[in-house]
Amino acid sequence: MTSVIDATRLRVLVVTARYLPLVGGTEIHTYETARRIAQAGHDVTILTTNPASAFPAEEWSDGVHIIRVACWPAQADYYLAPRLMRVITEGEWDLVHCQGVHTLVSPLAMLAAVRAKMPYIVTFHSGGHSSHVRTRLRGVQHEVLRPLLARAECLIGVSRFEAEFFHRRLRLSPERFVVIPNGAHLPEVPAVAPRPASGPLIVSVGRLERYKGHQRVIAALPHVLAQRPDTRLRIVGSGPFEAELRQLASKLGVDDRVEIGALPVSDRAGMATILAEASLVTLLSEYESQGIAVMEAIQLKRPVLVADVSALHEIAECGLAARVSLRSTPRQVAEAILEQFARPLIPPDVTIPSWDDCARQLLNVYRSVVRSPACVS
């Protein structure tokens, strides 16, 4: 991790619904950037929720001050946390950075920043949801948030797709938006082909939610095994959909070929090893604002198969991954997998942004905001 130091010491409050040890794309992004910005000499505080009071209310980690407040309900992902507003309005921050917009945390944080006359910026971190009702209500949610988002100093998308999506949906000037991609950084591990005795290995990475599409790979596996009976599937992640995934594997008679389990977010060497040994990395998600695991697989030059949607379409269009329609049948998904076994699409040499790059670009935004805030009073 290289220094991204800047001479001006900033006091930054990063507000996010979830943080480590809970794991997801937003959590990883926040962790990787916050600790780098703190290492560069800035004061960084993360304000997050504490579902079921499972974690310390306050602690320091990697030079970052972490404050957790109670939220309700404990077993759902609304994250209603009224104390967020008090922490923000009673603190002294140069700016507030809202990481994510799809819970009740972001509107509370933006309202508090407006009340305290603090400049704030927002990174969308948009994603899918396993509830079809919640997915259908996203447009209404964005419309409700529009007045607060319009007051932000800067709106950040982690991909060109995401920035353009919200530019159109919010009907705001494209000049309000900046693209700062997630980073991809894994220890250098030689990309090795699996030994013939072990057979092809499919790796599907992501939180265990229905919309992430792990079940699509499991459903295709019997058709894959009919042609390549030595194939294995490793699903890397944790989440509420695990029991259903295991039941599906058992129902289809492939549970002996499927391994499901998470890795600690700090075990980057372990993730690098799994990806490097993969014959194919899959992400058949209904929606991704970028896809950190895909970028890491591309960094390691592993063949990747993605759903032809959202930011994953953008990656495939660049020739970095093969793609398959979400409307594909399990047999058609299997055919796409077998095609990659036979004629893998090895990603070309491309420069993948690092987390240092991501932190540096965020600091540039922070400095610009602090120098000339245009927050509406």
Side-chain angles (χ1 to χ4, degrees), residues 4 6 8-125 145 148 152-154 156 264-266 355 358-359 362-363 365-366 369-370 373 375:
V4 290
D6 176 66
T8 305
R9 188 179 183 87
L10 300 176
R11 297 167 300 175
V12 180
L13 178 67
V14 181
V15 185
T16 183
R18 294 162 36 107
Y19 190 64
L20 271 57
L22 301 174
V23 178
T26 305
E27 294 87 335
I28 292 171
H29 174 106
T30 305
Y31 164 74
E32 294 288 1
T33 56
R35 66 192 184 102
R36 283 168 166 79
I37 292 170
Q39 185 196 45
H42 303 282
D43 293 330
V44 181
T45 299
I46 291 175
L47 177 58
T48 188
T49 66
N50 197 358
S53 300
F55 310 113
E58 192 168 354
E59 64 178 327
W60 287 82
S61 178
D62 293 302
V64 175
H65 186 200
I66 304 166
I67 300 173
R68 298 183 177 91
V69 298
C71 67
W72 293 271
Q75 303 303 321
D77 61 352
Y78 303 109
Y79 299 104
L80 175 61
R83 188 165 171 261
L84 283 168
M85 296 190 69
R86 180 178 175 183
V87 173
I88 294 171
T89 55
E90 293 183 354
E92 296 183 357
W93 326 102
D94 293 314
L95 79 160
V96 176
H97 184 178
C98 298
Q99 295 272 21
V101 296
H102 288 320
T103 70
L104 294 174
V105 166
S106 55
L108 288 176
M110 288 186 281
L111 281 170
V114 170
R115 182 174 298 177
K117 297 185 178 180
M118 292 179 190
Y120 62 93
I121 67 175
V122 178
T123 301
F124 292 104
H125 293 296
L145 288 176
L148 287 169
E153 303 292 334
C154 182
I156 302 173
V265 68
S266 59
W355 287 116
C358 186
L362 279 178
L363 269 175
V365 171
Y366 292 171
V369 168
V370 170
C375 191

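Note that the structure is predicted; figures quoted are calculated from it, not measured.
- Pro107 is listed as a side-chain neighbour of Leu145, based on a closest heavy-atom distance under 4.5 Å.
- Rounding to the nearest 0.5 angstrom, the gap separating the CG atom in Leu108 from the SG atom in Cys71 is 11.5 Å.
- In this view, Thr123 and His97 satisfy the side chain to side chain donor-acceptor pair (under 3.5 Å) rule, not counting sequence neighbours.
- The minimum heavy-atom distance between Met118 and Gly91, with the atom names listed, is CE-O, 3.3 Å.
- The side chain to side chain contact (heavy atoms under 4.5 Å, CB included) test with Thr16 is passed by exactly one of His125, Gln99, His29: Gln99.
- Side-chain contact between Arg18 and Thr26 is absent, with no heavy atoms from C-beta onward closer than 4.5 Å.
- When all heavy atoms are compared, the tightest approach of Ala34 to Val64 is O-CG2, 3.7 Å.
- Between Ile88 and Ala113 the shortest heavy-atom distance is CG2-N, 4.1 Å.
- In this structure, Tyr79 and Thr48 have side chains that are not in contact, with every pair of non-hydrogen atoms separated by 4.5 Å or more.
- Under the 4.5 Å side-chain criterion, counting only non-hydrogen atoms from C-beta, Ile28 is in contact with Trp355.
- Between the OG1 atom in Thr45 and the CD atom in Glu92 there is a gap of 12.0 Å [rounded to 0.5 Å].
- Of the possible polar contacts, none joining the Arg9 side chain to the Asp43 backbone as a donor-acceptor pair under 3.5 Å is found.
- To the nearest 0.5 Å, atom CG of residue Asn50 and atom CD1 of residue Ile67 are 12.0 Å apart.
- Of all the heavy atoms in Ala81 and Val69, the pair that sits closest is CB-CG2, 3.9 Å.
- Not a single donor-acceptor pair under 3.5 Å links the side chain of Asp94 to the backbone N or O of Val12.
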>> Please determine whether side-chain contact (heavy atoms from CB on, under 4.5 Å) holds for the pair Tyr120 and Val15, giving the CA-CA distance in whole Å, both sets of side-chain angles, and the decisive distance to 0.1 Å.
In response: CA-CA 10 Å; Tyr120 62 93; Val15 185; over 6 Å; no
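- Closest non-hydrogen pair, Thr89 versus Ala112, comes out as CG2-O, 3.7 Å.
- Within a 6.0 Å sphere centred on CZ of Arg11, other residues, nucleotides and ligands contribute more than 12 heavy atoms.
- Side-chain atoms of Leu95 and Glu153, non-hydrogen and from C-beta on, never get closer than 4.5 Å to each other.
- In this structure, the side chains of Val14 and Tyr19 stay at 4.5 Å or more apart for every pair of heavy atoms.
- Side-chain contact between Ile66 and Leu20: absent, with no pair of heavy atoms (C-beta onward) separated by less than 4.5 Å.
- Put simply, CG on Leu111 and CG on Leu84 are 11.5 Å apart, with the number rounded to the nearest 0.5 Å.
- Here the shortest heavy-atom pairing between Gly100 and Ser106 reads O-CB, 3.3 Å.
- Distance check, rounded to the nearest 0.5 Å: OG1 of Thr33 to CG of Leu363 gives 9.5 Å.
- Using a distance-only test at 3.5 Å, with no hydrogens or angles considered, a donor-acceptor pair links the side chain of Arg68 to the main chain of Pro56.
- Separating the CG atom in Leu148 from the CE atom in Met110 is a distance of 5.0 Å, to the nearest 0.5 Å.
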